[in-house]
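Just so it is clear: chains get the letters A, B, ... in the order the sequence lines come, proteins before strands, and each one is counted from 1.
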Amino acid sequence: MTGAASAIFILDMKGRVLIWRDYRGDVSAAQAERFFARLMEGEGDPSSQDPVKLHEGVTYLFIQYNNVYVMAASRQNCNAASLLLFLHRVVDVFKHYFDELEEESLRDNFVVVYELLDEMMDYGYPQYTEARILSEFIKTDAYRMEVTQLPPMAVTNAVSWRSEGIRYKKNEAFLDVVESVNILVNSNGQLVRSEVIGALKMRTYLSGMPECKLGLNDRVLLEAQGRAIKGKAIDLDDIKFHQCVRLARFENDRTISFIPPDGAFDLMTYRLSTQVKPLFWVEAQVERHSRSRVEYSVKARSQFKERSTATSVEIELPVPPDATTPSVRTSTGSSTYAPEKEALIWKIKSFPGGKEYMLKAQFGLSSISSEENTPEKRPPIRVRFEIPYLTVSGIQVRYLKIIEKSGYRALPWVRYITTAGEYELRMI
Amino acid sequence: MNADNRKGELADLKTQLRQLAGSRAAGVEDVKRELYKKVISYMTIGIDVSGLFSEMVMCSATSDLVLKKMCYLYVGSYAKVHPDLALLTINFLQKDCRDDDPMIRGLALRSLCSLRVKNLVEYLVGPLRTGLKDNNGYVRTVAAMGVLKLYHIAPSACTDNDFPATLKGLLIHDPDAQVVANCLSALQEIYTLEAASSEAALKERELLFGRPVIYALLNRIKEFTEWAQCLVLDVVSKYVPADPNESFDIMNVLEDRLQHANSAVVLATIKVFLQLTISMADVHQQVYERIKAPLLTLISSGSSEQSYAVLSHLHLLVMRAPMLFSSDYKHFYCRYSDPSYVKKLKIEMLTAVANESNMYEIVTELSEYAANVDVAITREAIRAVGRIALQLYDVNAIVDRLLQFLEMEKDYVTAETLVLVKDLLRKYPQWSHDCIAVVGNVSSNTVQEPKAKSALIWMLGEYSHDMLDAPYVLEGFVEGWAEEDSAEVRLELLSAVSKLFFKRPPESQKILGAALAAGIADAHQGVEVAECVINPPKQAVSVFADTQSSEIKDRIFDEFNSLSVVYREPSFMFLDKEHRGAYDYSEDPAAVSLVSAPADLVLPSQSLEANDNDLLLSASEKEESRGTASNGSYVPDFLTYESSSAPRSPSPPLQVVANRNSSIGSAPVARATTAGRTSQAVSALGIDDLLGLNLTFSPGGPSLSLKLNSKPALDPATFQRKWGQLPIALTMDHSFFGQPLAALSGPQPLLRHMQENLIHCMASGGQVPQFKFFFFAQKVESPPGTGFFLVECLLNTSTASANVKIKADDTSVASKFGDIFRSALTSFSLA
């Protein structure tokens, strides 16, 4: 039996229930607080503990967002994956309404929170979680609600993600191809793992019920069409689509066709696990001169073509917790010591391809010797960057067609960007 | 806000609401809204505002939707505690259920159904009936769920009005997919609960998983919201297709669901695929290949919580298909930013997928984690390295790694590693030379944890001939006897010192004397302790022992995509009885096993042939083959010569696995395997017990302190229920050495024999060479319905062995009952 949730709770950082919706009357707020108190006295930080826990016959599933915990309780053998994801959707919906979800924004909006929780879940079963659909019958600003309320068409419509009657003066669609690179390099300089997670992020401001069609340089598609593959065709490992995409058509002829939701959404995500050359290579040499001084010399190299330029490059170099009196020289960019992160952060605004920059840093160590028993942290060097106009996978949008029966002309805008995901280089 | 202030504030609110109640002035709605908001805020922060009930109701005559919503909310919160006042609201809620605006109709109906006041049920039936026929989908969605709410308040009111039948109609024909989904949720719950007492409901429930419903749902799968799809897919996974072609059709329809962005939909689809192909070995394997990519994507994208849920499922799958992810191990490498709960699961996955070809890289990666800042993760990583070493044959590289850990000079790393090195030495004595060279360098005063201390002392004693300064280190420990709190360490010290004495008498005579004196004077242990010295105890190696029965594992697999997978327990083990529903009883393991063909029973002897590389090993086979392999190699020292002479012999006659323990690795279960003459085994076990291994094993044959009732009364239904609820208290393997079982042609002789031993049979089945029995017995002078022991016994006449699972109302005497049962089996003879 697919189980139902008993209640949804939102708690503050101290584990007190701020607001909750009771769906089935078999778990109380007091019980939930008891559970959370146990959790917090147990191993400290709840966010490092299992997000699914059994306590007094009740299963609690929780996630943390900013300074609140969102938690579901259930007495049945519920679907853990589904409920955890549902909680994230609840957060998304609140963010859509209050711009940011935090204790303060909840306190200001108790009524709307109740309304939303009522429409997102009924008697413990998830219902609608599309923020844009929900906003048609719940308006944050109650004063704007002069017009008579009709249940939005979408609620009773086959196209559950889009309402009818949307109008824009200027019809535009923005498509961002965002690739995030995960890299793990071992302390011996060996590339252990590389992975690209890609997403086609869309923002559509289109009137009516537009039919969209997207063409990619997908190898399977191009071969199926018997076309000569000009330039690069790509193999995507595992593709996932937003629910608006007609998956059956994609299976048949690899066409991505859809009626988009209004506003921002992820049209498609994919993964690429073929080995990619790391875009940035960072080497750090550490020399401990005595018990009281440590010296770093860091080399950062960009390994992509010269015509591309990375922006907002940040290299986070871990340093000992007792490091003081930094003295840093860089060949380019600026550096700041962030003791709260126990790291030196080297920022380079613009980093063209095929270049190498240097940083030399020296720290004093305040404690004579670090205590034997405290575990020595060995965080990796972490790198953040953005490279516009570049995709690691080589994915290209060949066309984005937008057809609406009223015949308007819509402008599609396509951008490419590569960013660092979990980009880690372990130090010796 | 203090109490007085609050009172004043509430009185103020009351007056204001009263004034507004009849007013039709312009802008009055805005003022009301502000007041209502205040009331709701108070309510939320826990101030009792139920005193305003009648005023709130008076003000509710409004056409303003926002006001109405707040009013419904208020009423819903206080109706249950003030049922008398709730009656006041019925009127306007019923009226709103007839409003022109479908939104108001829906909201009012939802509030009406959510009052949860039993004596108001009569007012609910009418609006609900109208609501189910409403021309607006939103209202019908609310009404469908309303039926379920009514059922939970007053089941008979729901069924007497034929609401389930109405829902059945909507389930197939309603144009709105969400109505269909809510009907499905409601009907599943209602029929499941009804099925406990009604045959008809059980049939209805089966119809829900029948072809017409399944096809109707599948044909419009794309219309459902992502959450409803999860629900529908779960129902589809229970459908049994007529033939393989039908399975393929369904999988074709659902193929694209694997590309859905919602991870819950993907997992639900995977469940359908796995269930549909469970009896088609080839296709089942293809399914594993097909679902691999989506699963791997899900763990590296999305939230940590999603990774957690998906990794739990991967762990289950990898237990069934060990080779599946062995080349994708890099996906389980931890990220620095992963929360501990994800890291723990990833480390488990790395352990589970390790094999000869990827072992070196996995161990290298695990070694990185050993320097992790999180002590818990460090320990997990070191244990994982140890587990891999114990699982695999080529441990060359691993030993080096472990020894490097010792050189890191961190106390908790050293402690964890020492325990592992000791275990490894017991399995691979050939490494002793390398190991002791490094262990000898460990400074004994940095070792504080009792387990680690014992391990170090054991090694010092065992290899004292190769360790130059062993006598002096041990001497240091003996001098610290008084400060040593752990009995385990003291015992280990006694035996180590005596071993030392035999090897290097001149240097150790003095220490032995001191140790013995200290031991005899020991307040905790008394003189008995000295006995241990004569026959030094050898601890059982903690192995990667998974004591869950294959039946339990299969049940968890049946409950794929639910909490069972996360908890690694079937739902009956963690749910309250009332939330299990009839479904679980009807699929009770006892019932299922009795009807299943005996060919399904897999016994250890057969699984010897099972190839570890077989992707399709069922849980039972895999478990058994591991168990068998370990019997050959992990037996404690006093058995070594026997096991090496016949390494592939059937399991030793008796294997006691102490209690059930579901989590692999986190709590390694100590196993004591005894063989041959009992006298030898008994003395060793007696000592193990002293060592705090908690093996409740009574030396000297079966204990007579437990007496059984000669005429216990237990009906099959109760047996079945108990079997479903109780955890396994004890499992054992029994070999009928020298008992010619091959001549057994039917279950009867054993039944009669067991009955003579006051162990009664509930059911039996099977044929040569496999039989299955369910026995039960009861402790004398137990109150009715308690003190029962339930036994499942699988008997294989060709291997002359039995696999026994015992469950008990009172687990404290389970092992005593185990002794009785074993001795009854031992005395069984066909003559």
Task: Carboxylate-amine/guanidinium proximity below 4.0 Å for A/R89 and B/E226 - done: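 Looking at A/R89 and B/E226, the cut-off is met.
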Task: Residues B/K149, A/D122: salt bridge by 4.0 Å N-O rule - done: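 Salt bridge between B/K149 and A/D122, a charged N being under 4.0 Å from a carboxylate O: yes.
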Count the heavy-atom pairs under 4.5 Å between each of [options] and chain A, then report the option with the highest count.
options: B/N262, B/D328, B/L298; result: B/N262
options: B/A309, B/A293, B/S564; result: B/A293
options: B/A264, B/S41, B/S185; result: B/S185
options: B/Q306, B/E368, B/M70; result: B/E368

In Å and rounded to the nearest 0.5 Å, what is the [atom1] to [atom2] distance from [X] to [Y]?
X: A/Y125; Y: B/C230; atom1: OH; atom2: SG; value: 13.0 Å
X: A/R382; Y: B/S337; atom1: CZ; atom2: OG; value: 5.0 Å
X: A/F110; Y: B/Y42; atom1: CZ; atom2: OH; value: 12.0 Å
X: A/I197; Y: B/S300; atom1: CD1; atom2: OG; value: 4.0 Å

Proximity breakdown for [X] and chain A, heavy-atom pairs closer than 4.5 Å:
X: B/R335; value: both
X: B/E255; value: side chain
X: B/L345; value: neither

TODO: Just do the side-chain hydrogen bond (donor to acceptor under 3.5 Å, both in side chains) check on A/Y123 and B/E189 with the steps written out, would you?
DONE: CA-CA 12 Å; A/Y123 211 49; B/E189 256 195 61; 5.8 Å; no
Open item on the list: Checking A/Y23 against B/S114 for the side-chain hydrogen bond (donor to acceptor under 3.5 Å, both in side chains) test, could you report, in this order, the C-alpha distance in whole Å, the side-chain angles of both residues, the deciding distance, and whether it holds?
Closed with: CA-CA 8 Å; A/Y23 294 107; B/S114 304; over 6 Å; no
Open item on the list: Run B/Q259 and A/Y270 through side-chain hydrogen bond (donor to acceptor under 3.5 Å, both in side chains) and show every step you take.
Closed with: CA-CA 10 Å; B/Q259 258 133 23; A/Y270 56 90; over 6 Å; no
TODO: Measure the shortest side-chain to side-chain distance between A/H242 and B/H260 over non-hydrogen atoms and say whether it is less than 4.5 angstrom.
DONE: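 The answer is no, as the side chains (C-beta and beyond) never meet within the 4.5 Å cut-off.
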